[in-house]
Amino acid sequence: MSDLFRLTLGQLNPVVGDIDGNAAQARGAWESARAAGTDMLALPEMFITGYNTQDLVLKPAFHQAAITAIHALAADCADGPAIGIGGPALEGAALCNAYYILQGGEVTACVLKHHLPSETVFDEVRLYGGAPVAGPYTVGGLRIGSPICEDAWHEDVTETLAETGAELLLVPNGSPYCRGKMDLRQTLMVSRVIETGLPLVYLNMTGGQDDQVFDGGSFVLNPGGGLAVQMPLFEEGLAHVDFTRGPEGWTAQKGDLAHIPGSLEQDYHAMVLALRDYMRKSGFEKVLLGLSGGLDSAIVAVIAADALGADNLRCVMLPSEYTSEASLHDAQTVANALGCRYDHIPIDAGRAAIASSLAPLFEETQPDVTEENIQSRLRGLLLMALSNKFGEMLLTTGNKSEGAVGYATIYGDMAGGYNPIKDLYKTRVFDICRWRNANHRPWMMGPEGEVIAPRLIDKPPSAELRTDQKDSDSLPDYPVLDGILELLIDGDASVADCVAAGFDRADVTRVERLVYMSEYKRFQSAPGTRLSKHAFWLDRRYPIVNRWRDKG
């Protein structure tokens with residue numbers, strides 16, 4: 001038995017439903033691993049199908065095609081390193097989340113997931129059957145235990161594997177990004193290492209899928225918990241890890257330790273990658289958006305330029321009589337800084353035509369928010385016309401604060417196919433804009449330098465749908481609003497909790513009422529990048545019709 005073992009980690013980016021394409025990625029990685037003299041190539045959880053499949057995996061034709069593709073991959077890659085790859089498996093009548101080991105042209109082991117997560121974006125209890133914990137499998141004389149993702153978050157699976165002879169823990173994951181997740185992963189995996197005394201490989205996929213972003217960041221821990229290898233966040237790649245056996249067992253040789261950036265950069269990179277992959281995987285190349293002269297549309301334009309390049313971005317100013325000269329100037333400045341196409345379509349004529357059509361029905365009424373919303377819906381109509389005509393996906397630009405309280409016009413400024421900043425509270429939008437002005441990275445396709453003028457960041461936010469309108473006319477100031485929302489939404493707090501934290505009871509009850517009343521709008525909103533564990537979609541599932549209010 002050799003005292004050396006080379007493991008290649010495939011931190012790759014599968015596409016949900018593209019079974020043939022994912023299998024081709026696996027073959028390409030296997031070829032590279034074979035050239036590097038590897039004993040085993042490891043690929044992430046459910047790699048053959050992509051992740052998160054949701055109910056697609058329940059379709060018999062789909063999971064049968066995935067299983068067939070795995071067996072074909074085993075036959076194609078018979079002469080070379082073993083492969084570990086995630087995919088669905090049938091165990092009797094139950095569909096399981098499985099990790100297949102391919103060696104010598106055959107499937108030599110099939111590990112089935114034991115713990116099935118049913119929280120945040122996951123509902124695996126709905127999709128799969130849980131299986132008993134199995135023992136380790138053997139590759140090149142090395143006994144490997146593979147707790148699949150959630151299984152490594154619980155000590156029982158890894159302890160059973162250690163007790164049944166595992167010498168190395170290889171954990172395949174489909175673990176999506178949220179703020180602070182990387183620290184939590186490493187803390188938990190160090191616990192598994194300390195408990196078992198075994199080295200541990202944490203392998204995660206990367207890439208965007210709908211609202212979720214798989215952030216990679218794969219790492220290797222040695223007995224005692226020391227970090228031996230750290231792969232980058234949000235980047236595809238292969239890492240060859242050499243393990244040597246000594247008197248105390250197996251140890252990974254030191255490899256590259258990628259820098260883990262701060263939370264603002266992680267959020268920004270997640271938004272860029274999510275948009276880039278959403279476009280690529282859905283077949284779009286170009287985007288457009290309404291550039292209002294405000295901060296939210298400005299940062300979405302910058303994200304789009306960084307994700308796709310300025311040549312694939314169209315910004316459109318759609319001014320009305322309420323659009324200030326400052327907004328016209330600020331929008332033009334952003335477009336010039338990015339070097340993207342900039343179109344100018346006044347909405348006055350269209351607004352006059354609509355007002356004329358409605359005049360006989362509105363003649364006994366006073367102007368109100370209805371007329372304000374007509375402006376927003378007219379802009380949405382014009383932007384969608386451009387999208388239809390030129391095949392450019394329309395990006396919507398509302399932040400999480402607005403989405404939480406319904407400060408947005410459904411079928412108006414909410415129109416669009418994707419929203420990169422959907423999970424950013426307004427106060428964090430300010431922070432992200434300042435960070436991007438001061439930083440540029442190789443993965444950004446947009447220009448370096450100050451792409452959002454400080455005056456745009458500093459001016460009072462306004463929808464500019466009436467004279468001298470400010471967001472603060474309708475809402476508490478954003479630091480107050482966001483503080484309340486973070487408690488109510490992210491902390492699931494009560495009204496009493498918010499008051500105890502120092503917020504005015506009238507503000508809290510008003511904000512809570514707006515949150516519940518706006519559920520129908522969020523139900524119809526575009527998907528957007530998930531950055532927290534309380535994003536508006538699969539993380540938070542509330543009824544649309546709901547009369548309950550917290551009277552505490």
Side-chain angles (χ1 to χ4, degrees), residues 262 264-265 267-269 271-272 275 287-346 376 379 383 395-402 407 413 419-422 424-441 443-465 467-473 475 477-479 482 529:
L264 288 174
E265 180 169 346
D267 276 5
Y268 192 79
H269 202 164
M271 291 185 289
V272 169
L275 176 58
V287 295
L288 79 154
L289 59 90
L291 193 62
S292 67
L295 195 60
D296 294 334
S297 62
I299 191 60
V300 171
V302 177
I303 291 168
D306 282 339
L308 308 169
D311 291 345
N312 292 313
L313 168 64
R314 179 203 300 259
C315 290
V316 186
M317 163 55 84
L318 301 112
S320 74
E321 62 186 281
Y322 302 116
T323 303
S324 66
E325 287 298 322
S327 291
L328 292 168
H329 175 268
D330 291 340
Q332 181 77 64
T333 299
V334 170
N336 290 346
L338 295 177
C340 65
R341 176 166 180 167
Y342 181 65
D343 292 319
H344 191 269
I345 309 176
S376 181
R379 290 181 172 117
L383 290 168
L395 300 180
T396 183
T397 61
N399 61 66
K400 188 174 184 177
S401 307
E402 295 173 346
Y407 192 63
D413 57 331
N419 180 359
I421 66 168
K422 185 177 182 178
L424 275 185
Y425 287 117
K426 183 72 172 190
T427 48
R428 195 161 178 88
V429 171
F430 289 112
D431 294 338
I432 286 283
C433 290
R434 295 187 180 100
W435 180 87
R436 176 57 179 85
N437 272 349
N439 295 276
H440 193 271
R441 300 289 184 262
W443 44 265
M444 298 175 183
M445 299 178 69
E448 297 183 40
E450 190 176 88
V451 286
I452 301 175
R455 58 167 280 164
L456 199 159
I457 299 173
D458 295 336
K459 72 179 181 181
S462 171
E464 294 192 327
L465 297 176
T467 302
D468 295 327
Q469 183 183 27
K470 301 289 185 293
D471 289 5
S472 56
D473 299 337
L475 300 169
D477 288 338
Y478 279 113
D482 288 356
T529 312

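Looking at heavy atoms from C-beta onward, V302 lies in side-chain contact with L338 at the 4.5 angstrom threshold. L288 places none of its side-chain heavy atoms less than 4.5 Å from the side chain of D343.
Atom CD1 of residue I345 and atom CG of residue L383 lie 7.0 Å apart, to the nearest 0.5 angstrom. If you take CG on L308 and CD1 on I303, they are separated by 11.0 Å, rounding to the nearest 0.5 Å. Atom CZ of residue F430 and atom CG of residue D458 lie 8.5 Å apart, to the nearest 0.5 angstrom. Of the inter-residue distances, the one linking T427 atom OG1 with N399 atom CG reads 9.0 Å to the nearest 0.5 angstrom. Separating the CG atom in N312 from the CE atom in M445 is a distance of 7.0 Å, to the nearest 0.5 Å. Atom-to-atom distance recorded for S297:OG and I421:CD1 is 8.5 Å, nearest 0.5 angstrom.
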Give the C-alpha distance, both sets of side-chain angles, the deciding distance and a yes or no for side-chain contact (heavy atoms from CB on, under 4.5 Å) between C433 and L295.
CA-CA 8 Å; C433 290; L295 195 60; 3.5 Å; yes

How far apart are the C-alpha atoms of L328 and H344, what are their side-chain angles, what is the distance that settles it, and do they pass the side-chain contact (heavy atoms from CB on, under 4.5 Å) test?
CA-CA 10 Å; L328 292 168; H344 191 269; 4.0 Å; yes

Start with the C-alpha gap between L313 and L289, add the side-chain angles, then the distance that decides, and say whether side-chain contact (heavy atoms from CB on, under 4.5 Å) holds.
CA-CA 8 Å; L313 168 64; L289 59 90; 4.1 Å; yes

Could you walk me through whether R428 and K400 pass side-chain contact (heavy atoms from CB on, under 4.5 Å), step by step?
CA-CA 10 Å; R428 195 161 178 88; K400 188 174 184 177; over 6 Å; no

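In this model, no donor atom of one side chain and acceptor atom of the other lie less than 3.5 Å apart for N439 and Y268.
For the side-chain contact (heavy atoms from CB on, under 4.5 Å) test with V429, the passing option among V300, I457, D296, D482 is D296; the others fail.
Taking both residues in full, the closest heavy atoms of V334 and A298 are given as CG2-CB, 4.0 Å, listed atom of the first, atom of the second, then distance. Scanning both residues, A304 and L395, for their nearest heavy atoms gives CB-CD1, 4.0 Å. Heavy atoms only, all atoms of each residue included: R436 and H440 are closest at NH2-CD2, 3.6 Å. Taking each heavy atom of S327 and K459 in turn, the nearest pair found is OG-NZ, 3.6 Å. The two atoms that bring C315 and A301 nearest to each other are SG-CB, 4.0 Å, heavy atoms only.
Listed for the N437 side chain is a donor-acceptor partner under 3.5 Å among the backbone atoms of V451. A donor-acceptor pair under 3.5 Å is formed between the side chain of R379 and the backbone N or O of L318. With hydrogens and angles disregarded, no donor-acceptor distance shorter than 3.5 Å links the side chain of D413 to the backbone of S376.
Counting non-hydrogen atoms of neighbouring residues, nucleotides and ligands closer than 6.0 angstrom, the NE2 atom of H329 reaches no more than 12 such neighbours. Shown here is D311, whose CG atom has no more than 12 heavy atoms of other residues, nucleotides or ligands within 6.0 Å.
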